[in-house]
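Just below is one structure, and these are the notes that go with it.
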Amino acid sequence: MAASTSLVLRLGTAQTLAWASTYYLPALLAKPMAAELGLPVTQVWLAFSAALLVSAGLGPIAGRAIDRFGGRPVLSLTSVLFALGLAALSQTQGPVSLALAWGLIGVAMGCGLYEAAFAALVRLHGHAARNAITGITLLAGFASTVGWPLTGWMDAEFGWRWACLGWAALHLLLGLPLNASVPSAPPHPAPEPLPAGAPSPAAVADEPPAPRHAAWVLAYVFAATWFVSTGMAAHLPQLLVASGLTLAGAVAIGALVGPAQVAGRLLEFGWLRRLHPLLSARCAAAAHPMGAVAWLVLGPIAAPVFAVLHGAGNGILTIAKGTLPLVFFGPQGYGQRQGWIMAPSRVAQAFAPLVFGALIEHFGAGALGFSAALSASALAALLWLRTGSARG
């Protein structure tokens, strides 16, 4: 049974709220927070990185809970935790309370971002969840588009503390009802009809299981690609300036990434969904190295091409993080397995801004070669996997 449009809209809206109020929050509030608290801005970012590390450790636990109880209780609880963490952040007075508040937000992030929503959908719909996963990422792809202007407006009108409280209120008034509306999961995963054209149940039973190394390969692929996407999100304008562009030009080119991500997800929702998810993931992983080669060979004139290719590839890979574990291992135990596979990605994400910033400082635009090589290694790992080992 396919997920309803209503469910996708509800979970997609809740995910937009979750990402806008956490992952995209420090970009606008780190400086005013640091200024009022008398701390260096790097300390705010370190607290945020620590929150990502906390979320990495909790992902498998949250996934196991969703496997057992379904998504509604876990996601509803995270709405409350998001609200409490943001409220605590609004009351911070120094480095200790800042770290504790971000730690609580990290707990909520570990239990309430994409992986949890994906697991909730798989718990309800099994193999038929692929389109719903795409729909959720398509909606939540606008998190920065919605979140940054709203955060900036609340900060300008009321200050950063009230901005945090405003987001906390939205989690209780909007996020909690949306997550609480997720249908209850059956006590045990019910057999679902196989996708059209799939082999018979007897044939499926005779298929060899996914190779043991597949989980490790996927964990590496997602960690490498998420490191690149987070590093680019934090430093793409700086990288463009280092290659000779003006700041205004760098900002304009960087603005292409967001629409390209949405375009990539629309492509996945349309034409690419006809392909095996592994094939579309390979195409997506190739996009960043292709754009990087164009930039390094042709110079800054090719930077817009790079931004579009990087954004589109990143948008599709976000969907692959949900679909590839499903097609390789099936819906049974999906949440816990997804938590383990994605844990290295959270760690990579936590350190990406610091490491990539250091690479730009030492190598300038040459740092692009590192990100291209890392993405190429992810592509090589995906080429090593075989569609015949997957079940989708």
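Note that the structure is predicted; figures quoted are calculated from it, not measured.
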Quick check: is [Y] connected to [X] through a chain of hydrophobic side chains (ILVMFWY, heavy atoms under 4.5 Å apart)?
X: Leu53; Y: Phe227; answer: yes
X: Val122; Y: Ile61; answer: no
X: Val8; Y: Leu326; answer: yes
X: Trp19; Y: Ile133; answer: yes
X: Leu368; Y: Val355; answer: yes

[atom2] on [Y] to [atom1] on [X], rounded to 0.5 Å:
X: Met109; Y: Leu104; atom1: CE; atom2: CG; answer: 12.0 Å
X: Leu266; Y: Ile316; atom1: CG; atom2: CD1; answer: 10.0 Å
X: Leu84; Y: Ile105; atom1: CG; atom2: CD1; answer: 10.5 Å
X: Leu165; Y: Trp160; atom1: CG; atom2: CH2; answer: 9.5 Å
X: Leu121; Y: Ile66; atom1: CG; atom2: CD1; answer: 10.0 Å
X: Ile360; Y: Phe370; atom1: CD1; atom2: CZ; answer: 11.5 Å

Checklist entry - Is there any salt bridge (Lys or Arg N to Asp or Glu O under 4.0 Å) pair reaching into residues 157-180, and which pairs are they, with sequence neighbours excluded? => result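 Residue pairs passing salt bridge (Lys or Arg N to Asp or Glu O under 4.0 Å), neighbours aside: Glu36-Arg161.
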Item to check | Stepwise ring-ring contact (aromatic ring centres under 6.0 Å, His included) test for Phe82 and Trp167 | outcome: CA-CA 9 Å; Phe82 277 128; Trp167 283 117; over 10 Å; no
Identify the heavy atoms of [X] and [Y] that sit nearest to each other, and give their distance.
X: Ala303; Y: Leu240; result: CB-CD2, 3.6 Å
X: Ala224; Y: Ala378; result: CB-CB, 4.3 Å
X: Thr16; Y: Leu139; result: OG1-O, 3.4 Å
X: Ser371; Y: Phe356; result: CB-CE1, 3.9 Å
X: Ala143; Y: Ala20; result: O-CB, 3.5 Å
X: Ile253; Y: Ala307; result: O-CB, 3.6 Å

Item to check | Over 12 foreign heavy atoms within 6.0 Å of CZ, Phe351 | outcome: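 Counting neighbours around CZ of Phe351, 12 or fewer heavy atoms of other residues, nucleotides or ligands fall under 6.0 Å, so no.
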Next on the checklist: Surrounding CH2 of Trp45 (heavy atoms of other residues, nucleotides or ligands, distance under 6.0 Å), is the total greater than 12?
Outcome noted: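 More than 12 within 6.0 Å, yes.
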Do [X] and [Y] have side chains that get closer than 4.5 Å, going by heavy atoms?
X: Trp153; Y: Phe158; value: yes
X: Leu77; Y: Cys111; value: no
X: Leu17; Y: Leu178; value: no
X: Pro26; Y: Trp102; value: yes
X: Tyr114; Y: Thr318; value: yes
X: Leu86; Y: Ser21; value: yes
X: Val217; Y: Leu382; value: no
X: Leu100; Y: Thr92; value: no

Are the side chain of [X] and the backbone N or O of [Y] linked by a donor-acceptor pair below 3.5 Å?
X: His310; Y: Phe306; result: no
X: Arg337; Y: Pro331; result: no
X: Asn314; Y: Ser229; result: no
X: Ser49; Y: Ala350; result: yes
X: Ser375; Y: Ala372; result: no
X: Arg265; Y: Thr137; result: yes
X: Arg10; Y: Ser181; result: yes
X: Tyr334; Y: Gly322; result: yes

Next on the checklist: We want to know whether Asn179 and Ser76 form a side-chain donor-acceptor pair, criterion being a heavy-atom distance below 3.5 angstrom.
Outcome noted: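 No, Ser76 and Asn179 have no side-chain donor paired with an acceptor closer than 3.5 Å.
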Checklist entry - Yes or no on side-chain contact (heavy atoms from CB on, under 4.5 Å) for Leu25 and Thr151, after CA distance, side-chain angles and deciding distance? => result CA-CA 7 Å; Leu25 196 71; Thr151 298; 4.0 Å; yes
Item to check | side-chain contact (heavy atoms from CB on, under 4.5 Å) between Phe329 and Ile341, intermediate numbers included | outcome: CA-CA 12 Å; Phe329 302 103; Ile341 289 175; 4.3 Å; yes
Item to check | side-chain contact (heavy atoms from CB on, under 4.5 Å) evaluation trace for Gln43 with Leu37 | outcome: CA-CA 11 Å; Gln43 190 148 355; Leu37 296 174; over 6 Å; no
Next on the checklist: On the six-membered ring of Trp226, is Lys321 placed so that its NZ or CZ lies under 6.0 angstrom from the centre and within 45° of the ring axis?
Outcome noted: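 Judged by the rule, Lys321 and Trp226 form a cation-pi pair.
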Item to check | Worked check of side-chain contact (heavy atoms from CB on, under 4.5 Å) between Ile319 and Phe118 | outcome: CA-CA 10 Å; Ile319 299 168; Phe118 296 165; over 6 Å; no
Next on the checklist: Restricting to salt bridge (charged side-chain N to carboxylate O under 4.0 Å, His left out), what partner residues turn up for Arg346, sequence neighbours left out?
Outcome noted: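 By the salt bridge (charged side-chain N to carboxylate O under 4.0 Å, His left out) rule, Arg346 matches Glu115.
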